[in-house]
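What follows is a short report on a single structure.
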2 protein chains.
Amino acid sequence: MGVDRGELDRRLERFRETARKAGVRLTHQRLEIFREVASSIEHPAVEAVFRAVQARISTVSLDTVYRTLWMLEDLGLITTLGPRRGVARFDANLRPHHHFVCIRCGLARDFENPAFDSLGVPGAVKQYGDVVNTRVEIRGVCRACSRGATGRTRPSVNRKPGQVRRTKLADQK
Amino acid sequence: MGVDRGELDRRLERFRETARKAGVRLTHQRLEIFREVASSIEHPAVEAVFRAVQARISTVSLDTVYRTLWMLEDLGLITTLGPRRGVARFDANLRPHHHFVCIRCGLARDFENPAFDSLGVPGAVKQYGDVVNTRVEIRGVCRACSRGATGRTRPSVNRKPGQVRRTKLADQK
DNA sequence: CTGACTGCAAACCCTTTGCAGACCG
DNA sequence: CGGTCTGCAAAGGGTTTGCAGTCAG
């Protein structure tokens, strides 16, 4: 949740249209999976999408969620943030925007800022390849993490007695 | 490779000093692991560091590489880019800098640009948490990927006959 | 109807952990 | 010497794939 109704409807309409043009079938599962990502501001990972969709379609399988999310990305309907392997997180916001990312728990939030949308590309960078887009990533510690002893999110190496034990990464709220 | 000698020496010296202050032992393995990351501009993932170190210490184990890299991060000697779970990639460049990232193969390159170092933090973002730093991420397709049929780097869903099959992510060159 | 799609189960990888022996300081 | 650190092996988790049955168009 978090995306207003009008925007969500626009995203759904775009999905239907794109799917039709691409000759991709509009199944119940796909619709619900897309709806979940498109209505969220959480940049959910696969697991979170799966649980949410499962609440509505109890028989949906995890691999369908994987396949569908990558298909949506192929169609250009969502983008990923973060890695290309490992835990990917999805973003249905196609407008130019930027991210706040918590370096402890991984929480991610969009924000828009016109001034950041038009940063030039330094000449030295052009040699690396063809630029697709530019995003500003503001890294910090989110409120929940700075408040709580919410624990760490990555392995503590050579953990000493007093240290907090690793807990399964809470569901990116 | 890629970091000039003077800078590498400075990084190694800093490592020794920080380790001593923290009461962490300076083992052969740790030195070589740090040297590998500190001398590279590749933002290597664990696997790449492991292979490089293994060439010099044939008995080194993969888990030691994992433990050491996270320890180095705990000490503030390197940072990670990308995810907090999954495939992390490491960065021994502690100066303010920004990244060019290939959206196809994941290649990452640093670049410096003073104008990007001092972007303000929009008021709306401050509510999300305490900002640690800000980086500009320029996303694009690197030369190797735009040149070659270097294949895709993530699963192709509903792959059609003609499509390229997924290949193991080549070693970030 | 028919090919695209789904669910299942197994395979794959990458990462982490427990433990006994090795080694730094 | 003692506690830290390493290597080994196994466990743990997330992701991907092959296949047979199902369903959208």
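Chain naming here is simple, since letters A, B, ... match the order of the sequence lines and numbering starts at 1 in each.
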Does the distance from a Lys or Arg side-chain N to an Asp or Glu carboxylate O, for [X] and [Y], drop under 4.0 Å?
| X | Y | value |
| --- | --- | --- |
| A/R14 | A/E17 | no |
| B/R89 | B/E42 | no |
| B/R10 | B/E7 | yes |
| B/R56 | B/E32 | yes |

Please state how far atom [atom1] in [X] lies from atom [atom2] in [N], giving the value in whole angstrom units.
| X | N | atom1 | atom2 | value |
| --- | --- | --- | --- | --- |
| A/M71 | D/dA24 | CE | P | 15 Å |
| B/I33 | D/dC5 | CD1 | C1' | 11 Å |
| A/L31 | C/dC5 | CG | P | 14 Å |
| A/L69 | D/dT16 | CG | P | 11 Å |
| A/I57 | C/dG7 | CD1 | P | 8 Å |

Checklist entry - Quick one: the side chain of B/R67 and the base of D/dG7, do they pair up donor-acceptor inside 3.5 Å? => result yes
Checklist entry - Between A/P122 and A/G120, which heavy-atom pair has the shortest distance, and what is it? => result CD-O, 3.5 Å
Next on the checklist: Could you report the tightest heavy-atom contact between A/I33 and A/T64, atom names first, then the distance?
Outcome noted: CD1-O, 4.0 Å
Next on the checklist: Which nucleotide wins on minimum distance to the side chain of A/R30, given the candidates C/dG7, C/dT6, D/dA9?
Outcome noted: C/dT6
Checklist entry - The side chain of A/S61 lies closest to which of these nucleotides: D/dT16, D/dT6, C/dC8? => result C/dC8
Checklist entry - Does A/Q29 make a side-chain N or O approach to OP1 or OP2 of D/dC23 shorter than 4.0 Å? => result no
Next on the checklist: I want to confirm an ordering. Mapping B/L62 and A/L62 to their closest nucleotides on DNA chain C, which one lands closer to the 5' end?
Outcome noted: A/L62
Taking N or O atoms only and anything under 3.5 Å, show me the protein contacts with nucleotides 22-25 of chain C, one pair per line.
residue	atom	partner	partner atom	Å
C/dC24	O2	B/R25	NH1	3.0
C/dC24	O2	B/R25	NH2	3.3
C/dG25	OP1	B/L26	N	3.0

